[in-house]
Amino acid sequence: EAGVAQSPRYKIIEKRQSVAFWCNPISGHATLYWYQQILGQGPKLLIQFQNNGVVDDSQLPKDRFSAERLKGVDSTLKIQPAKLEDSAVYLCASSFGDSQETQYFGPGTRLLVL
Amino acid sequence: QKEVEQDPGPLSVPEGAIVSLNCTYSNSAFQYFMWYRQYSRKGPELLMYTYSSGNKEDGRFTAQVDKSSKYISLFIRDSQPSDSATYLCAMRKMAGTALIFGKGTTLSVSS
């Protein structure tokens with residue numbers, strides 16, 4: 001079974017530029033999550049999708065971050081404009097959405113904002 | 001006070017040692033407790049999953065949850081160099097809700 005795929009793996013941009021990350025979840029997984037992991041911290045949820053609907057985006061900085069999952073499969077996360085404090089690893093995870101709901105994580109995209 | 005507290009370490013042990021990792025939490029609504037292992041430059045992978053209080057064992061790993069003390073532990077027996085990683089505790093209130101993670105404890109097992 002293929003795991004969660006993410007691209008790019010690394011990205012370096014200057015502040016005020018825009019950047020987009022892509023995630024393809026495990027086939028059949030209805031729930032998709034984007035987490036932000038700052039160096040030395042645990043992952044923090046940014047947004048949760050159930051199919052193509054948003055379940056939880058309470059911690060998403062909506063003035064600069066946006067995310068979509070138009071067809072209920074893959075998803076993109078965008079930052080515009082980026083700030084220095086956005087430097088982090090952006091992790092995508094997916095799950096079946098059942099009662100146990102094991103979340104499977106992708107390798108992450110490492111973003112450095114200069 | 002953070003919802004989940006975890007000592008970041010680092011923790012260094014010799015091969016074969018018993019390792020004890022733990023987290024405390026403040027929200028009594030948490031019911032689902034997990035331990036994830038994260039190797040450098042990789043995503044977290046689920047190690048142990050426990051619902052409510054009690055113990056769970058899987059090979060060399062044992063997870064314990066004490067809801068009365070709001071304290072969870074992960075024990076690793078006969079630790080191996082391949083166990084060197086960051087261990088993250090995570091918890092959530094209900095199925096289908098967001099995971100709340102600790103900071104992670106970095107473990108190094110030397111041969």
Side-chain angles (χ1 to χ4, degrees), chain A residues 1 3-10 21 23-26 29-51 53-60 88-112, chain B residues 1-11 21-27 29-52 56 58 63 72 74 85-107:
Chain A
E1 177 183 78
V4 176
Q6 289 189 247
S7 67
R9 292 295 311 276
Y10 304 93
F21 313 127
C23 171
N24 191 24
I26 293 172
H29 280 194
T31 309
L32 185 147
Y33 309 80
W34 283 102
Y35 289 87
Q36 179 193 57
Q37 186 174 22
I38 293 172
L39 187 65
Q41 304 287 325
K44 183 187 82 171
L45 181 76
L46 291 174
I47 189 166
Q48 176 185 349
F49 292 95
Q50 179 76 17
N51 295 309
V54 175
V55 174
D56 184 355
D57 64 356
S58 57
Q59 298 189 83
L60 186 73
V89 177
Y90 291 84
L91 294 162
C92 179
S94 69
S95 70
F96 276 114
D98 58 6
S99 59
Q100 181 165 339
E101 206 218 338
T102 299
Q103 296 184 24
Y104 297 88
F105 283 81
T109 295
R110 190 174 298 267
L111 174 68
L112 179 60
Chain B
Q1 182 187 14
K2 283 188 174 292
E3 279 194 291
V4 180
E5 300 276 4
Q6 183 176 10
D7 186 340
L11 182 61
L21 306 168
N22 53 73
C23 289
T24 58
Y25 62 95
S26 58
N27 193 331
F30 287 131
Q31 297 188 75
Y32 299 83
F33 304 91
M34 284 138 277
W35 285 95
Y36 281 82
R37 178 174 61 194
Q38 187 173 26
Y39 290 114
S40 181
R41 300 184 184 276
K42 302 284 188 183
E45 58 175 331
L46 183 66
L47 267 182
M48 300 289 284
Y49 178 103
T50 309
Y51 171 70
S52 194
K56 187 172 184 179
D58 184 2
I72 69 171
L74 177 71
T86 296
Y87 290 80
L88 297 152
C89 64
M91 48 199 79
R92 65 170 186 252
K93 300 170 191 175
M94 296 182 295
T97 60
L99 289 174
I100 308 299
F101 283 87
K103 283 187 175 183
T105 299
T106 300
L107 171 67

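A, B, ... follow the sequence lines: proteins, then strands. Residue 1 opens every chain.
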Take B/M91 and B/I72 through the side chain to side chain contact (heavy atoms under 4.5 Å, CB included) test and state the conclusion after the steps. CA-CA 10 Å; B/M91 48 199 79; B/I72 69 171; 3.8 Å; yes
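- Contact of B/T97 with chain A is made through the backbone alone, with heavy-atom distances under 4.5 Å.
- Scored by the ring-ring contact (aromatic ring centres under 6.0 Å, His included) test, B/F30 finds B/Y25 as partners (sequence neighbours excluded).
- In terms of heavy-atom pairs under 4.5 angstrom with chain A, the leader among B/G104, B/P8, B/C89, B/P44 is B/P44.
- Side-chain atoms of B/T105 come within 3.5 Å of backbone atoms of B/D7 as a donor-acceptor pair (strictly under, hydrogens ignored).
- Contacts between B/L99 and chain A at a heavy-atom distance below 4.5 Å involve backbone atoms as well as side-chain atoms.
- B/G102 and B/L88 make their closest contact through O-CD2, 3.6 Å (heavy atoms, listed as atom of the first residue, atom of the second, distance).
- Heavy atoms of A/Q48 lying under 4.5 Å from chain B belong exclusively to its side chain.
- Here A/P107 is the residue among A/C92, A/P107, A/G108, A/A93 with the most heavy-atom pairs under 4.5 Å with chain B.
- Although no hydrogens or angles enter the test, the distance criterion places a donor-acceptor pair under 3.5 Å between the side chain of B/Q31 and the main chain of B/K93.
- With hydrogens and angles disregarded, a donor-acceptor distance shorter than 3.5 Å links the side chain of A/D56 to the backbone of A/S58.
- Most heavy-atom pairs under 4.5 Å with chain B: of the set A/Q103, A/Q59, A/R9, A/K44, this distinction falls to A/Q103.
- Although no hydrogens or angles enter the test, the distance criterion places no donor-acceptor pair under 3.5 Å between the side chain of B/T106 and the main chain of B/T86.
- Only the side chain of A/Q37 comes within contact range of chain B, with heavy atoms under 4.5 Å apart.
- Judged by distance alone, the side chain of A/Q6 and the main-chain N or O of A/C23 form no donor-acceptor pair under 3.5 Å.
- Between A/L39 atom CG and A/R110 atom CZ the span is 8.0 Å, to the nearest 0.5 Å.
- At a heavy-atom separation below 4.5 angstrom, chain A is approached by B/Y36, B/Q38, B/R41, B/K42 within residues 34-42 of chain B.
- Using a 4.5 Å cut-off between heavy atoms, A/Y10 contacts chain B through its side chain alone, with no backbone atom that close.
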- [ ] Output, in order, the C-alpha distance, side-chain angles, deciding distance and verdict of side chain to side chain contact (heavy atoms under 4.5 Å, CB included) for B/L11 and B/L21.
- [x] CA-CA 9 Å; B/L11 182 61; B/L21 306 168; 3.8 Å; yes
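- Per-residue counts of heavy-atom pairs under 4.5 Å with chain B were compared for A/P43, A/G106, A/G42; the largest is that of A/P43.
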